[in-house]
Each structure stands twice: as structure tokens, then as C-alpha cells.
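Right, one structure below, let's go through it.
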Amino acid sequence: MALQLHVIPVTPFQQNCSVLWCDVSNEAAVVDAGGDIARIRAFIDAKGLQVTKLLLTHGHIDHAGGARALADALGVQIEGPQRAESFWLDQLPQQGQMFGFAPSPALTPERWLEEGDTVQVGREVLEVLHCPGHTPGHIVFVSRAANLCVVGDVLFQGSIGRTDFPMGNHQQLIDAIRNKLFALPDDMTVVPGHGPFTTIGDERRSNPFVADRRYG
């Protein structure tokens, strides 16, 4: 039994939409369906997966813009982010206009997620960490069994999320990375919202924004 992962870069921003599934039950969750819904559905159909929920790390248009359309097409619910993210989810129509995305309605998930909650994907369990800073209600999904975390725009290979958007908070982001993500195992795979995978240990050692050697 194992949690499987496939990443589909979507939208002009090349956002890493993650499909997670339990290889025993074939039940799956789609994380951050920002757009290109036909491509996501084509992969799901080709693998014969049964999507049981959509998950959101945060409410920026490239992560959440296609979520309602995909959830409605599949007849499933949306879970996450943390409820402070209503600030951004309510503004999805304006975000779409600003960045030239297809129209996307304001979104309220069927389930808000809080620190310490868990999400079931078949027989697999994802833990939820609330990691604000990039946005106020940003969350991270952690699979201890698969030794991976899907972190959205909190942490990247050699970088961190932007905090110059409304409701961004640089110190909150640094604290979330150092106190929550860096408490995870060094060899845990990090699946960021954009760009290549990394590991917790690599970022702890060498990330110029949050590496231990710089911040003590």
C-alpha cells in the first residue's frame, strides 16, 4: 500500500497541480486544480482513478481557479484551505480578470481545514499544517507514510513564497517554514506549487531565505 503522486503543470503560471491516489483503492484527490481541467481529467481517466475530493492549499487563481468547475464535473467536494483564505477565494473573479484567466466564480469549500485536521485519500492519511504568510489561510498537506509534503507556495527549491500581496506577512511565512516544515524529516520530499521538487533537508541546509546556517 502506498500513496502515489503525479504532477500536472497547469495555467500559464505552470502551477504544480498534484494528483494523489491510494494504489490499493484507486481513490484519489486533486490538489490545487488551478486550470487546464481537460488535461487533469484526461490523466484521471487514463489511470482509472476515482477522485473523491479536491484539496486547496490556498486561494490564488493559479491554484484555485479551476477547482469549482472540476469538483462539479466530478460530483465531489472541495476541502481546504484554512478559513482565513476566504479573503482570496471571494476575489477569484477579480483575480481572473487581473491575470487574464478564464472566468472563475467566488468559491467557498465544503470543508475548511485547520491545523491538526486530517484528510483521507483511500487508505492514506494526509495531515494538515496551517502555514500562513504567503496568504493568511495557506495550508500544507503532509503524508508521513509516503514521506512527502505538498506545500503550495510556502517553500520552493532555493526560495520561499512571495509576501508582497495583500494579507501577506513575511515573518509569519518564515516562522511557518522554520517551526513547522523544518520540523519534518530531512529526507521528506517537498512538492512545491511551482518548479522542481526538493527536500526538507536541502532547504534547511542551503535555502538563502531560511537556511539554519543563516538564521541560527
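Annotation: the span from Arg68 atom CZ to Ile78 atom CD1 amounts to 3.5 Å, rounded to 0.5 Å. Considering CD of Glu114 and CG of Leu129, their distance stands at 12.5 Å, rounded to 0.5 Å. If you take CZ on Arg204 and CD1 on Ile177, they are separated by 12.0 Å, rounding to the nearest 0.5 Å. Taken from CH2 in Trp112 to CD in Glu79, the straight-line distance is 12.5 Å, to the nearest 0.5 Å. Rounding to the nearest 0.5 angstrom, the gap separating the CG atom in Leu49 from the CZ atom in Arg41 is 12.5 Å. Of the inter-residue distances, the one linking Leu184 atom CG with Thr199 atom OG1 reads 11.5 Å to the nearest 0.5 angstrom.
In terms of heavy atoms, Cys17 sits closest to Ile40 at SG-CD1, 3.7 Å. Listed here is the closest heavy atom pair of Val140 and Cys131: CG2-SG, 3.8 Å. Minimum interatomic distance between Ala146 and Leu3 (heavy atoms only, all atoms of both residues): CB-CB, 3.9 Å. The shortest non-hydrogen separation linking Ala67 to Leu107 is CB-CD1, 4.0 Å. Shortest non-hydrogen contact noted between Gly193 and Phe156 is N-CE2, 4.0 Å. The minimum heavy-atom distance linking Lys180 with His130 is given by the pair NZ-O, 2.6 Å.
Using a distance-only test at 3.5 Å, with no hydrogens or angles considered, no donor-acceptor pair links the side chain of Asp36 to the main chain of Arg39. Side-chain atoms of Gln82 never come within 3.5 Å of backbone atoms of Gly137 as a donor-acceptor pair (strictly under, hydrogens ignored). Using modelled atom types, one side-chain atom of Gln95 and one backbone atom of Ile61 make a donor-acceptor pair closer than 3.5 Å. Looking only at distances, no side-chain donor or acceptor of Lys53 sits under 3.5 Å from a matching main-chain atom of Val76. No donor-acceptor pair under 3.5 Å is formed between the side chain of Asp62 and the backbone N or O of Gly34. For Asn16 (side chain) and Gly195 (main-chain N/O), a donor-acceptor pair under 3.5 Å exists by modelled atom type. Between the side chain of Gln15 and the main chain of Thr11, no donor-acceptor pair closer than 3.5 Å is present.
In terms of hydrophobic clustering, with Ile, Leu, Val, Met, Phe, Trp and Tyr side chains grouped at heavy-atom distances under 4.5 Å, Met167 and Leu113 are assigned to different clusters. Hydrophobic cluster membership is shared by Phe182 and Met188, with clusters built from Ile, Leu, Val, Met, Phe, Trp and Tyr side chains linked at under 4.5 angstrom. Follow the hydrophobic side-chain contacts under 4.5 Å out from Val10 and you never reach Val191; the two are in separate clusters. Using a 4.5 Å cut-off between side-chain heavy atoms of Ile, Leu, Val, Met, Phe, Trp and Tyr, with links allowed through other members, Val7 and Val31 fall into the same hydrophobic cluster. Linking ILVMFWY side-chain heavy atoms closer than 4.5 Å, directly or via other members, places Val128 and Val150 in a single hydrophobic cluster.
Residues Leu5 and Phe197 are in side-chain contact: their nearest non-hydrogen atoms beyond the backbone lie under 4.5 Å apart. Residues Leu126 and Thr118 fail the side-chain proximity criterion, which asks for heavy atoms closer than 4.5 Å. When side chains are defined from C-beta on, Arg111 counts as touching Asp117, because their heavy atoms get closer than 4.5 Å. Pro185 has its side chain within reach of Arg144: a pair of non-hydrogen atoms, C-beta onward, lies under 4.5 Å apart. No side-chain heavy atom of Ile200 sits under 4.5 Å from any side-chain heavy atom of Thr189. Phe141 has its side chain out of reach of Ser18: every pair of non-hydrogen atoms, C-beta onward, lies at least 4.5 Å apart. Contact check for Pro109 versus Leu56: no side-chain heavy atoms found under the 4.5 Å cut-off. Between Trp88 and Asp90 the shortest side-chain heavy-atom distance does not fall below 4.5 Å.
Looking only at atom types and distance, the side chain of Asp32 has a donor-acceptor partner in the side chain of Thr57 under 3.5 Å away. Remark: the Glu203 side chain and the Gln157 side chain contain no N/O donor-acceptor pair separated by less than 3.5 Å. Counting only N and O atoms by type, the side chains of Glu124 and Ser143 include no donor and acceptor under 3.5 Å apart. Checked by atom type, the side-chain pair Asn26/Gln50 shows no donor-acceptor distance below 3.5 Å.
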Begin from the C-alpha positions of Arg205 and Asp202 and carry the test salt bridge (Lys or Arg N to Asp or Glu O under 4.0 Å) through to its verdict.
CA-CA 5 Å; Arg205 287 185 291 270; Asp202 283 348; 2.8 Å; yes
For a side chain to side chain contact (heavy atoms under 4.5 Å, CB included) check, start with the C-alpha distance between Phe43 and Ile8, then their side-chain angles and the critical distance, and finish with the verdict.
CA-CA 9 Å; Phe43 176 79; Ile8 305 170; 3.8 Å; yes
From CA spacing to verdict: side chain to side chain contact (heavy atoms under 4.5 Å, CB included), Thr135, Glu85:
CA-CA 7 Å; Thr135 63; Glu85 203 65 8; 2.9 Å; yes
Step by step, work out the side chain to side chain contact (heavy atoms under 4.5 Å, CB included) result for Val19 and Gln4.
CA-CA 8 Å; Val19 183; Gln4 304 296 318; over 6 Å; no
Does the side chain to side chain contact (heavy atoms under 4.5 Å, CB included) test come out yes or no for Val30 and Leu70, once each step is laid out?
CA-CA 9 Å; Val30 179; Leu70 182 58; 4.2 Å; yes
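Under the side chain to side chain donor-acceptor pair (under 3.5 Å) test applied with Asp153, the options His63, Arg162, His138 reduce to a single match, His63.
Phe99 and Phe13 have perpendicular rings, their planes meeting at more than 60° on a 0 to 90° scale where under 30° would count as parallel.
In summary, Glu27 and Arg123 do not engage in a salt bridge, as defined by a charged side-chain N under 4.0 Å from a carboxylate O.
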